[in-house]
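Step one of this worksheet: look at the structure below.
Just so it is clear, the values below take in all heavy atoms, side chains as well, and ignore hydrogens, waters and symmetry mates. Fair warning: this is a prediction, and the values are worked out from it, not measured in the lab.
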Amino acid sequence: MLKDAPLAPIRLLPPQLADQIAAGEVIERPASVLKELIENALDAGASRIDIDLQKGGMELIRVSDDGHGIPADELTLAISRHATSKLASLEDLLNLHSLGFRGEALASICSVSQWEIASRAGGQGQAFRLTQQWPAKLLEANHARGTTVTIHNLFGTTPARRKFLRTERTELRYCDDVIRRMALARFEVGFYVRHNGRFVHRLPAVRDDIGRTRRVAKLCGEAFIRHALVIDYAHKDLCLRGWISNLLYSRQQTDLQFFYINGRIIRDRVINHAIRLAYQSVLPTGRHAAFVLNLELDPAQVDVNVHPTKHEVRFREARNIHDFISVSYTHLRAHETVLDLVCRLLLE
């Protein structure tokens, strides 16, 4: 039995330690950093995002955007905990229109890495940057409108956590999954990605159906898009849009299942159950549907503030959402019957 140890006095944690603890909640690997930085770029109104990675993101993650930029007098505040421009009241939290909102990402990332941030806000003649060496000193920089965040040596300040990272190839796969998911949510944004100096993705911004279809084909495969049915179903204040596989195409894994709520990547048991239920009588055991779907609804009807990573959500009327997705699929299947027959005849 352990001996009773004297209790230490209650005291506030040092800021650096508090940030590192917070980082443990949202920063699991390079892909976690990448997701937070891309979300910030999208919230800033970026139309183009350039991403540079080295060694799967373990050595370098650089995200540059052409968004609104950060004003010089707000740049030092941007790396502080609980500092955000995306909400100011409880009402804002209950009616979110942005991807990031907690105000912890940059502070957490900076606490476990070497970093530099450069930005120029629209209408600002001079760009400025902050570095790890001079975190409170604004330095002049050459930078177009927008923001560049550079992260070196992730978990370099917490070596024990770095030991939990996988191989370069594995970490790159996680990063690539984040990029694909983001690119399938925001077709109007161009994504240009390099790894170890070589281009991995060149995805120009697109705004028409042909361009969107081409991007889906590039990221999900030609086989998927050849067997995908376009869904665009609305009822009251709910709308489901995207692509979902027909009965001639299925997967052994769930690796081609992309679901978004108002453009936000989510994982939700209600959604997953509704889709599995719709397919369980038509797909063999062990096979899974493929889809890229975005559910649009009033932000007040969904709580995205239930998990630090913002992947999980809570619906105000979960049963209505479940039924709507089931009805959407039933509506699509009614139109698929003829298409399915034509596909089978063409393949015979």
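The structure places CD1 of Ile321 at 4.5 Å from CG of Leu238, a figure rounded to the nearest 0.5 Å. The CG atom of Leu165 sits 6.0 Å away from atom CZ of Phe155, with the distance rounded to the nearest 0.5 Å. Distance check, rounded to the nearest 0.5 Å: CG of Leu130 to SG of Cys110 gives 9.0 Å. Taken from NE2 in His235 to CG in Leu240, the straight-line distance is 13.5 Å, to the nearest 0.5 Å. Taken from CD in Gln133 to CD in Glu116, the straight-line distance is 8.5 Å, to the nearest 0.5 Å. One finds the CZ atom of Phe315 at 5.5 Å from the CD1 atom of Ile266 (value rounded to the nearest 0.5 Å).
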Does Arg180 form a side-chain contact (heavy atoms from CB on, under 4.5 Å) with Phe258? I'd like the steps, not just the answer. CA-CA 9 Å; Arg180 290 168 69 206; Phe258 303 98; 3.9 Å; yes
Walk me through whether Arg129 and Thr148 qualify under side-chain contact (heavy atoms from CB on, under 4.5 Å). CA-CA 9 Å; Arg129 64 187 176 95; Thr148 296; over 6 Å; no
Show the numbers, then the answer: is there a side-chain contact (heavy atoms from CB on, under 4.5 Å) between Leu37 and Ile109? CA-CA 10 Å; Leu37 297 183; Ile109 293 167; 4.2 Å; yes
Run the numbers on Phe259 and Asn272 for side-chain contact (heavy atoms from CB on, under 4.5 Å), then give the verdict. CA-CA 9 Å; Phe259 200 93; Asn272 291 340; 6.0 Å; no
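A donor-acceptor pair under 3.5 Å is absent between the side-chain atoms of Asn153 and the main chain of Gln114, judged by distance alone. Within the 3.5 Å criterion, the main-chain N or O of Gly197 finds no donor-acceptor partner in the side chain of Asp52. Without hydrogens or angle criteria, Glu317 side chain to Arg319 main chain gives no donor-acceptor distance under 3.5 Å. The closest donor-acceptor contact from the side chain of Arg215 to the backbone of Leu203 lies under 3.5 Å. A distance-only check finds no donor-acceptor pair linking the side chain of Arg269 to the backbone of His273 [under 3.5 Å]. Looking at Arg169, its side chain never comes within 3.5 Å of a backbone N or O of Thr167 through a donor-acceptor pair. Asp298 places no side-chain N or O within 3.5 Å of a backbone atom of Gln301 that could act as its donor or acceptor partner.
Criterion: ILVMFWY side-chain heavy atoms under 4.5 Å apart, direct or through other members. Under it, Leu172 and Leu60 are not part of a common hydrophobic cluster. Both Leu219 and Val230 are members of a single hydrophobic cluster when ILVMFWY side chains are connected at heavy-atom separations under 4.5 Å.
Under the 4.5 Å side-chain criterion, counting only non-hydrogen atoms from C-beta, Ile51 is not in contact with His201. In this structure, the side chains of Leu277 and His322 come closer than 4.5 Å at one or more pairs of heavy atoms. Proximity of Ile117 to Leu106: side-chain heavy atoms (C-beta onward) are separated by under 4.5 Å at one or more points. Within the 4.5 Å cutoff, side-chain heavy atoms of Thr170 are placed close to those of Tyr174. A heavy-atom distance below 4.5 Å is not found between the side chains of Val206 and Arg214. Using a 4.5 Å heavy-atom cutoff, the side chains of Val292 and Cys220 are in contact. Contact check for Ile49 versus Leu42: side-chain heavy atoms found under the 4.5 Å cut-off. Within the 4.5 Å cutoff, the side chain of Val200 has no heavy atoms near those of the Leu53 side chain.
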Return a table of donor-acceptor pairs under 3.5 angstrom between the side chains of residues 181-193 and protein atoms on other chains or two or more places apart.
residue, atom, partner, partner atom, Å
Arg181, NE, Asp177, OD1, 3.4
Arg181, NE, Asp177, OD2, 3.0
Arg186, NE, Glu188, OE2, 2.7
Arg186, NH2, Glu188, OE2, 3.3

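Taking both residues in full, the closest heavy atoms of Ala127 and His143 are given as CB-CB, 3.6 Å, listed atom of the first, atom of the second, then distance. Residue Gly69 comes nearest to Thr147 through the heavy atom pair CA-OG1, 3.6 Å, listed as atom of the first residue, atom of the second, then distance. Minimum heavy-atom separation, Ala274 to Ile325: CB-CG2, 3.9 Å. The minimum heavy-atom distance between Gly56 and Cys175, with the atom names listed, is O-SG, 3.6 Å. When all heavy atoms are compared, the tightest approach of Lys218 to Arg202 is NZ-O, 3.1 Å. Here the shortest heavy-atom pairing between Ala72 and Leu138 reads O-CD1, 3.4 Å.
Among residues at least two apart or in separate chains, salt bridge (Lys or Arg N to Asp or Glu O under 4.0 Å) pairs with a member in residues 243-256 are Arg251-Asp255. Residue pairs meeting the side-chain hydrogen bond (donor to acceptor under 3.5 Å, both in side chains) criterion with at least one partner in residues 284-295, sequence neighbours excluded, are Ser250-Arg287. Within the structure, salt bridge (Lys or Arg N to Asp or Glu O under 4.0 Å) contacts touching residues 131-152 (residues at least two apart or in different chains) do not occur.
With sequence neighbours excluded, the residues forming a salt bridge (Lys or Arg N to Asp or Glu O under 4.0 Å) with Arg212 are Asp209, listed by chain and number. For Glu296, the salt bridge (Lys or Arg N to Asp or Glu O under 4.0 Å) partners two or more places apart in sequence, or in a different chain, are Arg241.
Considering Ile61, Ile79, Thr131 in turn, Ile79 is the only one that fulfils the side chain to side chain contact (heavy atoms under 4.5 Å, CB included) rule with Trp115. For the side chain to side chain contact (heavy atoms under 4.5 Å, CB included) with Trp243, the qualifying choice from Val216, Leu293, Ile231 is Val216, the only one to do so.
Glu168 and Asn196 share a donor-acceptor pair across their side chains, judged by distance under 3.5 Å alone.
Counting heavy atoms of neighbouring residues, nucleotides and ligands inside a 6.0 Å radius, atom CG of Asp73 exceeds 12 of them. Within 6.0 Å of the CZ atom in Phe164, the count of heavy atoms belonging to other residues, nucleotides or ligands does not exceed 12. No more than 12 heavy-atom neighbours from other residues, nucleotides or ligands sit within 6.0 angstrom of CZ on Arg166.
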